[in-house]
Asker: 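Structure incoming, see below.
In what follows, residues are counted from 1 in the order of the sequence shown. All values derive from a computational prediction rather than experimental measurement.
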Amino acid sequence: MRLEDLSVEPTRVSFWGPRAALEVRCPLPGVLRLRHLPAFKHTASGPRELPPKQSWAVVEQRELPLSVRREEQGRVAVVVTEELSLVVSLAEGTWRLLDAAGRELARCEEFSGEVMPDYPVDRFRSRLALHAPPDEAWLGFGEKVGALNKRGMHFVFWNTDVMPHHPDTDPLYQSIPFCLGLREGLAWGFFLDESWRMEVDVGAEDASLVQWESAGPELDTYLFAGPMPGDVVRRYTALTEMRRRCARTTRSSSGGSCSWPRWCVRA
């Protein structure tokens with residue numbers, strides 16, 4: 001997915017292509033927000049601007065400043081914060097996530113999508129493929145069955161009230177597209193903030209890739225620095241204010257216990 005140009009603002013960097021767009025922001029220290037729009041086309045007159053998007057999971061944050069430098073004769077742009085750097089290849093539309101020490105945490109191999117005209121509304125398919133090193137464990141993905149390391153599995157994110165459920169039942173009642181990658185003691189996190197029906201292939205079809213697919217027009221992702229799993233979870237709870245939500249759930253319980261796990265309240 002080729003990107004040809006970029007526009008830089010104090011707290012936002014936008015990359016533009018003939019049929020795609022990528023926007024980078026920094027809502028919190030150690031957190032980057034990347035909006036991938038693989039089927040975006042600017043048609044209106046005036047400056048290019050992504051459509052507004054409301055989140056039901058992420059609370060509004062004070063955005064932090066970004067700096068940008070061009071490398072390799074302009075073919076690569078590096079978006080820099082204090083704790084993370086994003087290296088974007090304009091020719092391929094892919095990116096690499098580096099920590100403050102220059103270690104690669106994550107790599108986007110491809111993002112793509114298409115629009116399928118339909119009535120009464122068009123249908124979409126948006127895809128994002130992440131590199132999955134052979135020694136990396138993939139943890140989380142919300143209320144899912146299986147082993148702790150979800151590598152080699154395939155999941156659907158579409159709330160389904162299943163009764164009874166079995167060890168291989170999917171999807172289940174909650175859809176939480178948040179996961180951690182853990183390799184050689186170094187952790188990073190990924191959250192896909194979309195309410196559309198989604199699927200993820202965690203190295204089942206291709207062992208070298210974790211492939212996300214959404215029925216929506218974009219993939220609104222958040223990348224979290226570690227280095228420990230606890231650091232990733234703390235950044236995620238700060239972004240979603242999970243701690244405050246747990247407290248509200250606890251206070252509102254009448255004669256019952258909090259439905260959230262104990263670690264959530266202590267996070």
Asker: Salt bridge check, R127 against E110: does any charged N sit closer than 4.0 Å to a carboxylate O?
Answerer: no

Asker: Kindly indicate whether the side chain of L50, heavy atoms from C-beta on, has any atom under 4.5 Å from the side chain of W16.
Answerer: yes

Asker: Looking at every heavy atom in both C26 and V31, which two are closest together, and how far apart are they?
Answerer: SG-O, 3.3 Å

Asker: If we ignore hydrogens and angles and just use 3.5 Å, is the side chain of T221 paired with the main-chain N or O of L34 as donor and acceptor?
Answerer: yes

Asker: For a 4.5 angstrom cut-off between non-hydrogen side-chain atoms, does V24 reach F15?
Answerer: yes

Asker: Please assess E23 against R48 for the test salt bridge (Lys or Arg N to Asp or Glu O under 4.0 Å), listing each intermediate value before the final yes or no.
Answerer: CA-CA 12 Å; E23 182 184 83; R48 292 174 292 189; over 6 Å; no

Asker: Same cluster or not: V115 versus L219, using hydrophobic residues (I, L, V, M, F, W, Y) connected whenever any side-chain heavy atoms lie under 4.5 Å apart?
Answerer: no

Asker: Ion pair present between D193 and R33, side-chain N to carboxylate O less than 4.0 angstrom?
Answerer: no

Asker: Would you call the rings of F141 and W138 parallel, tilted or perpendicular, taking 30° and 60° as the class edges?
Answerer: tilted

Asker: Check this for me: E9, atom CD, are more than 12 non-hydrogen atoms of other residues, nucleotides or ligands nearer than 6.0 Å?
Answerer: yes

Asker: Over all heavy atoms of both residues, which pair between L64 and P29 is shortest? Give the atoms and the distance, please.
Answerer: CD1-N, 3.5 Å

Asker: Just how far is it from atom CZ of F224 to atom CG of L32, taken to the nearest 0.5 Å?
Answerer: 10.0 Å

Asker: Working to the nearest 0.5 angstrom, can you tell me the gap between R25 CZ and E63 CD?
Answerer: 4.0 Å

Asker: Got a sec: does the CZ of R2 have more than 12 other heavy atoms crowding it under 6.0 Å?
Answerer: no

Asker: So, taking the atom named CG in L180 and the one named CG in N149, what distance separates them when rounded to the nearest 0.5 Å?
Answerer: 11.5 Å

Asker: State, to 0.1 Å, how close C108 and L130 come at their nearest heavy-atom pair, and which atoms those are.
Answerer: CA-CD2, 4.2 Å

Asker: So which heavy atom on L90 is nearest to which on G74, and how close?
Answerer: CD2-O, 4.2 Å

Asker: Between V8 and L22, is there shared hydrophobic-cluster membership here, with clusters defined by ILVMFWY side-chain heavy atoms closer than 4.5 Å?
Answerer: yes

Asker: Taking the side chain as every heavy atom from C-beta outward, state whether F190 and L223 have any atom pair closer than 4.5 Å.
Answerer: yes

Asker: Using the rule that two of Ile, Leu, Val, Met, Phe, Trp, Tyr join whenever any of their side-chain heavy atoms come within less than 4.5 Å, decide whether V76 and V13 are in one cluster.
Answerer: no

Asker: How long is the gap from CZ on R107 to CG on L209, to the nearest 0.5 Å?
Answerer: 10.0 Å

Asker: Can you name the closest pair of heavy atoms from L239 and Q61 and give their distance?
Answerer: O-NE2, 3.5 Å

Asker: Might you work through the side-chain contact (heavy atoms from CB on, under 4.5 Å) test for V200 and K150, ending with a clear yes or no?
Answerer: CA-CA 11 Å; V200 62; K150 298 299 191 287; over 6 Å; no

Asker: Rounded at 0.5 Å granularity, tell me how far CD in E49 sits from OG in S14.
Answerer: 7.0 Å

Asker: Just checking R19: does its CZ atom have more than 12 heavy atoms from other residues, nucleotides or ligands closer to it than 6.0 angstrom?
Answerer: no

Asker: Centroid-to-centroid, W212 to F157, below 6.0 Å?
Answerer: yes

Asker: Could you state whether V210 and V156 fall into the same hydrophobic cluster, counting links through intermediate Ile, Leu, Val, Met, Phe, Trp or Tyr residues with side-chain heavy atoms under 4.5 angstrom apart?
Answerer: no

Asker: Would you call E92 and R75 a salt bridge, using N to O less than 4.0 angstrom?
Answerer: no

Asker: Output yes when E194 and K53 qualify as a salt bridge under the 4.0 Å nitrogen-oxygen rule, no when they do not.
Answerer: yes

Asker: Within the supplied structure, the quantity of interest is the number of heavy atoms (other residues, nucleotides, ligands) at a distance under 6.0 Å from E60 CD; does it exceed 12?
Answerer: no

Asker: Just by distance, do the side chain of D118 and the backbone of V121 share a donor-acceptor pair under 3.5 Å?
Answerer: no

Asker: Flag the pair L84 / L86 as yes when at least one side-chain heavy-atom distance between them is below 4.5 Å, and no otherwise.
Answerer: no

Asker: Backbone N or O of W158 within a donor-acceptor pair of the S175 side chain at under 3.5 Å?
Answerer: yes

Asker: Scan residues 98-122 for pairs that pass ring-ring contact (aromatic ring centres under 6.0 Å, His included), counting only residues two or more places apart or in two chains.
Answerer: H36-F111

Asker: Do the side chains of R69 and S67 get nearer than 4.5 Å, heavy atoms only?
Answerer: no

Asker: Identify the two heavy atoms, one from E136 and one from R151, that lie closest to each other, and give their separation to 0.1 Å.
Answerer: O-NH1, 2.8 Å

Asker: For residues L28 and Y222, determine if any side-chain heavy atom of one lies less than 4.5 Å from a side-chain heavy atom of the other.
Answerer: no

Asker: Using the rule that two of Ile, Leu, Val, Met, Phe, Trp, Tyr join whenever any of their side-chain heavy atoms come within less than 4.5 Å, decide whether V88 and V68 are in one cluster.
Answerer: yes

Asker: When rounded to the nearest 0.5 angstrom, what is the spacing between CG in L128 and CD in Q211?
Answerer: 10.0 Å

Asker: Tell me whether E83 is salt-bridged to R235, with the criterion being a basic N under 4.0 Å from an acidic carboxylate O.
Answerer: yes

Asker: How about S126 and W196: do any of their side-chain heavy atoms sit closer than 4.5 Å?
Answerer: no

Asker: How about I176 and E143: do any of their side-chain heavy atoms sit closer than 4.5 Å?
Answerer: no

Asker: F40 and side-chain contact (heavy atoms from CB on, under 4.5 Å): which partner among P217, P51, P18?
Answerer: P51

